[in-house]
Number of protein chains: 4
Amino acid sequence: MTDDSAREEIMTATYEALCEQGYTDLTAQAIADRTDKSKSLLFYHYDSKEDLVASFFDFLLEQFDERVEESRELPPVERLATFVDWFLYDPDDAERTAFHTAMLELRAQAPHNDRFQQQLRRSDDALRETLEEILRDGLEAGAFHEHDPEATAALLIAALDGARVRQLTLGRDAYLEEVRAGVAAEVFDELLAEDVAFPGGGEGAAGLVGGDESDDGSQEAR
Amino acid sequence: MTDDSAREEIMTATYEALCEQGYTDLTAQAIADRTDKSKSLLFYHYDSKEDLVASFFDFLLEQFDERVEESRELPPVERLATFVDWFLYDPDDAERTAFHTAMLELRAQAPHNDRFQQQLRRSDDALRETLEEILRDGLEAGAFHEHDPEATAALLIAALDGARVRQLTLGRDAYLEEVRAGVAAEVFDELLAEDVAFPGGGEGAAGLVGGDESDDGSQEAR
Amino acid sequence: MTDDSAREEIMTATYEALCEQGYTDLTAQAIADRTDKSKSLLFYHYDSKEDLVASFFDFLLEQFDERVEESRELPPVERLATFVDWFLYDPDDAERTAFHTAMLELRAQAPHNDRFQQQLRRSDDALRETLEEILRDGLEAGAFHEHDPEATAALLIAALDGARVRQLTLGRDAYLEEVRAGVAAEVFDELLAEDVAFPGGGEGAAGLVGGDESDDGSQEAR
Amino acid sequence: MTDDSAREEIMTATYEALCEQGYTDLTAQAIADRTDKSKSLLFYHYDSKEDLVASFFDFLLEQFDERVEESRELPPVERLATFVDWFLYDPDDAERTAFHTAMLELRAQAPHNDRFQQQLRRSDDALRETLEEILRDGLEAGAFHEHDPEATAALLIAALDGARVRQLTLGRDAYLEEVRAGVAAEVFDELLAEDVAFPGGGEGAAGLVGGDESDDGSQEAR
DNA sequence: GATGAATGAGTTTTCATTCAT
DNA sequence: TATGAATGAAAACTCATTCAT
């Protein structure tokens, strides 16, 4: 077995362990148990557990960045819709839920872990640049009304991330749905030029204001 | 020492330990060290560390809820501004930063800890109800335009929480500032009836759309 | 059980483990096994294994220093004889052999362990000062011929220590015996004033020179 | 690479590792790191680490024995002086210090390692025989006064070894210097026939007795 | 000959928890 | 109430050794 396939196996096992048990219970043994290798091998491939976890964080962020990049060839409006979908994932999709849960755990360590914070910042840079690029491309293409891409990007990311965080921590789908509706309405009302349609979202005048959308029926919110 | 004062001392020590070292390094010893009592006493007052931490989480959430309640007697618009301020805290305020960091750590455990999730939901209920009440009161008072309070509350909370989470994890103040500006603009444009002023926020037509506000000069965003 | 008796038990167990297995195999487990306590208790009483071993070294050196001091009230010549006997111990005395073996092991670590070296130096200071005091007292009392106490002390200690080291490492008693004879002769010939007798040693004109003493019959030397 | 050159490379690497890190930290990896070969190769050439170290001890002792032999063609008095110099090495000579430090470490294992003790005895035999031969040759040549070569050899070796051991463990050069002076004086007074000069040492009436030599100015002794 | 990958047994250390006092 | 002493279980990490290639 090559070094690479072993490392890949370890990364996958770390992913599984993290999703199943959480960061606090992420032990070398828990990782090795999800491998057909021994615990000592982890330390053959990585200098320390800290090193392994940092590598895993890189591995996660790379996947994240790839996703963000993937849509590059789409036209701005579709690309924006894809971007939103990536954040407002389907909570019944176990795999994505697992991914975002693992991410949240590692992100929550960042205030106590400089290396993690550095890694997160690199990823945040890419994320913001991508969204700003989408917005600027849309402006140029005449699909969007005039606006400040930087401010819009920050606000949009905050709302999307907040919805996801609340869904993950509360187990309440309502945030995903209401933010999706709100963002769609917002985009529809404010961002899109009159003759442009936004795929996947609602079309009513929802948003921070506007009361005509129906209730969402989320499992247990409220 | 009475049972109550001992428990209070332990809660405070837990708070300090959690802020200084993070959840992962939160040991019984670390808590006892911030007390003038012994480690064994922790287990006299609490059945287990898990029990202690759950109690602490209640303690934290109570403080949170109190804050949310505090503004009850203000008129809706001021109350909304206070609400927003609570979320978009001053990142130079070490005490609040510590509070929110500790909270984030515990929230990130929720996907693996049902008890935590239950506690969080109770708190989320109170939070949403409060905001919806503010919005409904404002509607009644004629201070706000027509809108759906539930949807607006969810969207607003998501954006505010997202900004805070990103500030905490990235150490980037920009999110706080841009979301504050965006929310203020949104509220100004969409929510407030024409003759009502919103305290503390900007008044430009910022938000998801509208490009005329000046740059915010955040230290390192972008 | 008081802290002190536990610590004493640990020191004794360390002594036994060191004698039986040597420094290289001195593990926390090996120490705990010679105790009726658990391995974890070692780390309750000492910060680390290194700390424990350094404490043990202090413990050993204290015993050594006590021995050196013990003879304080004897007259110089008897005191010198006692001093020599302490070094040139009876190799059939298992307890003393164990003590010196343990000491040698720890001493051999000193070139790689500053703390050990510091401790050794303190002990060496005491040793030399004691011997010099004996020699000076003897000079004053007129029991010894004129000589340089410092030089004599260094030479004597080197010879005695060397004999002991070779006995321990080679298992050859001959060194102890021949150095005893040599030192006795030397002292007799050179150090003692004419009318003073030296207890315990030979009286012939042995030493670096002088061939009339009988063979010593050591088991296998030569 | 031939078997022999590989083994030689390993021996050299072991030497370096032992000098730099000490016996306790002498790992197969540490040895391999000082080689341009892999760790596994060590076990191709040696059955076990124990076997390797024993071989290394042979290797060391051979060097030692060679040194002792080297002087064979010199006349007795010069040969004795060379012998003394070999023991009372220059403590600023890093290479020799390293050699003697490594030796001391291995010697200190001997009480717990029969194989080591056997090896040491063989070397001790050679050493004593050599010194006795020197002394007998000197007697025959009329350079030395009458004395017992065996007793003198044992005494001299003990003093020289003791000085070296104390220098190595205490880092105190004084022992080397004072023993050198003492031995020189002793030899001058007692061993050398009247018309023979001893090279390299002092000529005063130093030794166990005789107070007229000047102080040695060692860095930190006393 | 030579090595990278792999591992089992063991090492030091940590920590929640218990208990006699 | 309060604690010092004690511990079992498990953590991260090490290391001599093996083996397929």
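Each chain gets a letter, A, B and so on, in the order the sequences are listed, and its residues count up from 1.
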### Message
One pair to check against side chain to side chain contact (heavy atoms under 4.5 Å, CB included): H45(C) and L41(C). What are the steps and the verdict?
### Response
CA-CA 6 Å; H45(C) 287 291; L41(C) 191 65; 3.6 Å; yes

### Criterion side chain to side chain contact (heavy atoms under 4.5 Å, CB included) on E66(B) and L61(B), from CA distance to verdict
CA-CA 8 Å; E66(B) 273 168 29; L61(B) 290 171; over 6 Å; no

### Message
Please determine whether salt bridge (charged side-chain N to carboxylate O under 4.0 Å, His left out) holds for the pair R121(C) and D114(C), giving the CA-CA distance in whole Å, both sets of side-chain angles, and the decisive distance to 0.1 Å.
### Response
CA-CA 10 Å; R121(C) 284 184 176 173; D114(C) 274 353; over 6 Å; no

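In this structure, D36(C) places its CG atom 9 Å from P of dA6(F), rounding to the nearest Å. Atoms CD (Q21(D)) and C1' (dC15(F)) sit 13 Å apart, rounded to a whole Å. One interatomic measurement links the two molecules: CG of D51(A) to P of dT14(F), which rounds to 12 Å at whole-angstrom precision. Here the C1' atom of nucleotide dA6(F) and the CD1 atom of I10(C) are 11 Å apart, to the nearest Å. Atoms NZ (K37(C)) and P (dG4(F)) sit 17 Å apart, rounded to a whole Å. To the nearest angstrom, P of dA9(F) lies 13 Å from CD of Q29(C). Distance E9(C) CD to dT7(F) P: 9 Å, rounded to the nearest Å. What separates CG of L41(A) from P of dT14(F) is a distance of 14 Å, to the nearest Å.
Listed nucleotides: dC15(E), dA2(F), dG1(E). Nearest to the side chain of T27(B): dC15(E).
Every pair passing side-chain hydrogen bond (donor to acceptor under 3.5 Å, both in side chains) that includes a residue from residues 52-65 of chain A is listed here, sequence neighbours excluded: D58(A)-Q119(A), D65(A)-S123(A).
With sequence neighbours excluded, the residues forming a ring pair (Phe, Tyr, Trp, His ring centres under 6.0 Å) with F116(C) are F57(C), listed by chain and number.
Rounded to the nearest 0.5 Å, atoms CE (M11(A)) and CG (L52(A)) are 4.5 Å apart. We find the CG-CZ distance between L42(C) and R7(C) to be 11.0 Å, quoted to the nearest 0.5 Å. Rounded to the nearest 0.5 angstrom, T27(B) OG1 and K49(B) NZ are separated by 7.0 Å.
If you check the side chains of T169(D) and Q117(C), you find no donor sitting under 3.5 Å from an acceptor.
Listed here is the closest heavy atom pair of R107(D) and V165(C): NH2-CG1, 3.6 Å.
Taking the nucleotide of DNA chain F with the nearest heavy atom to each of S38(B) and L42(C), the more 5' of the two is matched to S38(B).
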Write out a two-atom table: protein N or O, nucleotide N or O from nucleotides 17-21 of chain E, distance below 3.5 Å.
unit_1: dT17(E); atom_1: OP2; unit_2: K49(B); atom_2: N; d: 2.7
unit_1: dT17(E); atom_1: O4; unit_2: K39(B); atom_2: NZ; d: 3.3

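Residue Y44(A) has no polar side-chain atom (N or O) positioned under 4.0 Å from OP1 or OP2 of dA6(E). Close to dG4(E), at under 4.0 Å from its OP1 or OP2, lies no side-chain N or O of H45(A).
Helical stems in DNA chain E, defined as runs of 3 or more consecutive Watson-Crick or G-U wobble pairs with donor-acceptor distances under 3.5 Å: E:2-21 with F:2-21.
Looking at heavy atoms from C-beta onward, V53(C) lies in side-chain contact with L106(C) at the 4.5 angstrom threshold.
At a non-hydrogen distance threshold of 4.0 Å, nothing from residues 105-113 of chain A comes into contact with DNA chain E.
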Solution key, residues 13-23 of chain B side-chain donor-acceptor pairs under 3.5 Å, sequence neighbours excluded:
unit_1: T14(B); atom_1: OG1; unit_2: I10(B); atom_2: O; d: 2.7
unit_1: E20(B); atom_1: OE1; unit_2: R34(B); atom_2: NE; d: 3.3
unit_1: E20(B); atom_1: OE1; unit_2: R34(B); atom_2: NH2; d: 2.6

